[in-house]
Amino acid sequence: MFRTSRIAAGIAATTLVVAGVGVSLGSGIAAAAPDCAVSSHATKRDASTVGVTHVYDKIASAETIGVGTSVTYKVIVGTTGIGNPYVNTITDFPPVGFGAPTKTTITAYHAIGGQRTEDVTATPNAGGWKVTSTGWFVNSGNPVTLTITYPLPSSVKAGQAITSGGVGVAGTVGVGTELPGLTACFTARGANAGETVIGSLGDNGLGSSDGQLSSTGSATDILSDVLRNLIGS
């Protein structure tokens with residue numbers, strides 16, 4: 001089951017690569033469109049999940065992002081039921097033409113300290129960028145989240161709607177999947193004065209077209225909805 005939502009998202013993932021499987025899932029840059037969705041959500045419930053539903057989301061940092069700055073994507077993988085899968089590989093596919101990420105982190109549960117965010121190194125994988133681990137633990141209250149930031153290339157112009165590629169996940173039985181439709185879209189705009197001087201401070205914290213310190217449809221707002229949905233499921 002797959003759906004896109006402009007307002008809320010659930011939990012996201014990345015690309016199946018452990019077995020050498022990789023698909024170029026990047027999407028190009030097109031004219032701004034009214035259906036440009038800042039987030040998307042997918043679920044997986046089949047024989048491989050043994051009665052458990054796994055959930056995946058991808059979220060862009062804002063609905064509009066200044067030219068010459070950066071975009072940050074969150075890819076979230078979780079479960080709404082019993083079972084404790086482990087995720088060992090997440091691959092993100094940025095929009096076609098985007099270069100290497102400048103910052104990558106993983107937020108995951110640890111036996112000591114609970115949920116913790118750590119810097120990780122992303123490496124190329126079939127047109128995307130993957131992170132790997134011996135296994136990130138996931139349960140209904142503790143999703144694993146990949147946060148990855150890319151500079152906007154100089155070819156991006158104000159008014160363009162820019163859609164990312166999909167994601168894929170590898171791990172224990174059930175949680176692994178490829179989701180080419182799990183994308184996130186933003187519309188490029190002219191950078192405000194603060195962004196012109198300091199670039200992508202706070203991963204586009206200065207994200208609104210009128211220079212406010214936030215932007216409508218920000219990743220923070222959507223992520224709050226994701227966590228509420230997960231905990232309440």
Side-chain angles (χ1 to χ4, degrees), residues 2-17 22-42 55-77 89-106 122-131 144-169 177-189 200 203-204 207 215 217-223 226:
F2 179 83
R3 66 180 175 82
T4 59
S5 171
R6 196 177 179 85
I7 297 176
I11 293 180
T14 55
T15 311
L16 182 60
V17 87
V23 185
S24 294
L25 303 178
S27 298
I29 297 171
D35 59 350
C36 179
V38 73
S39 65
S40 59
H41 173 68
V55 287
Y56 310 85
D57 286 85
K58 184 169 183 176
I59 310 165
S61 49
E63 291 183 342
T64 63
I65 293 176
V67 170
T69 64
S70 298
V71 58
T72 298
Y73 297 103
K74 287 186 182 294
V75 175
I76 311 167
V77 183
T89 304
I90 299 176
T91 303
D92 178 64
F93 290 93
V96 168
F98 278 48
T102 54
K103 184 174 178 61
T104 309
T105 65
I106 282 285
T123 58
N125 175 45
W129 295 88
K130 71 175 181 178
V131 294
V144 58
T145 301
L146 166 68
T147 303
I148 188 164
T149 299
Y150 304 92
L152 271 61
S154 59
S155 59
V156 172
K157 306 301 180 186
Q160 292 179 309
I162 302 172
T163 302
S164 75
V167 300
V169 181
T177 188
E178 294 184 49
L179 297 164
L182 196 73
T183 63
C185 178
F186 67 89
T187 301
R189 56 166 171 76
S200 56
D203 296 331
N204 293 290
S215 62
S218 67
T220 300
D221 297 334
I222 296 170
L223 190 55
V226 168

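Counting begins at 1 with the first residue of the sequence.
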### Query
Which heavy atom of Pro151 sits nearest a heavy atom of Ala100, and at what distance?
CD-O, 3.7 Å
### Query
When rounded to the nearest 0.5 angstrom, what is the spacing between NZ in Lys74 and OG in Ser39?
13.5 Å
## Note on the structure
Scanning both residues in full, the closest heavy-atom pair of Cys185 with Ala60 reads O-CB, 4.4 Å
### Query
Any sub-3.5 Å donor-acceptor pair from Lys157's side-chain atoms to Ala188's backbone N or O?
no
### Query
Considering only heavy atoms from C-beta outward, does the side chain of Tyr73 approach that of Phe186 to under 4.5 Å?
yes
### Query
Between Pro153 and Phe98, what is the shortest heavy-atom contact and its length?
CD-CE1, 3.4 Å
#### Entry: Positive for side-chain hydrogen bond (donor to acceptor under 3.5 Å, both in side chains) with Thr149, one of Thr104, Thr72, Thr102
Thr72
### Summary
Rounding to 0.5 Å, atoms CG (Leu179) and CZ (Phe93) come to a distance of 11.0 Å
#### Entry: The single option from Thr105, Asp92, Val75 passing side chain to side chain contact (heavy atoms under 4.5 Å, CB included) against Thr147
Thr105
## Note on the structure
Rounding to 0.5 Å, atoms NE2 (His41) and CG (Leu182) come to a distance of 9.0 Å
### Atom pair OG1/NZ of Thr183 and Lys58 - distance to nearest 0.5 Å
7.5 Å
## Note on the structure
Nearest heavy-atom approach of Cys36 to Thr187 is SG-OG1, 4.1 Å
### Summary
Heavy atoms of Val38 and Ala184 approach each other most closely as O-CB, 3.4 Å
### Test item: Pro94 and Ser164 side chains (from C-beta on) under 4.5 Å apart, heavy atoms
no
## Note on the structure
Here the gap from Leu146 atom CG to Lys130 atom NZ, rounded to the nearest 0.5 Å, amounts to 13.5 Å
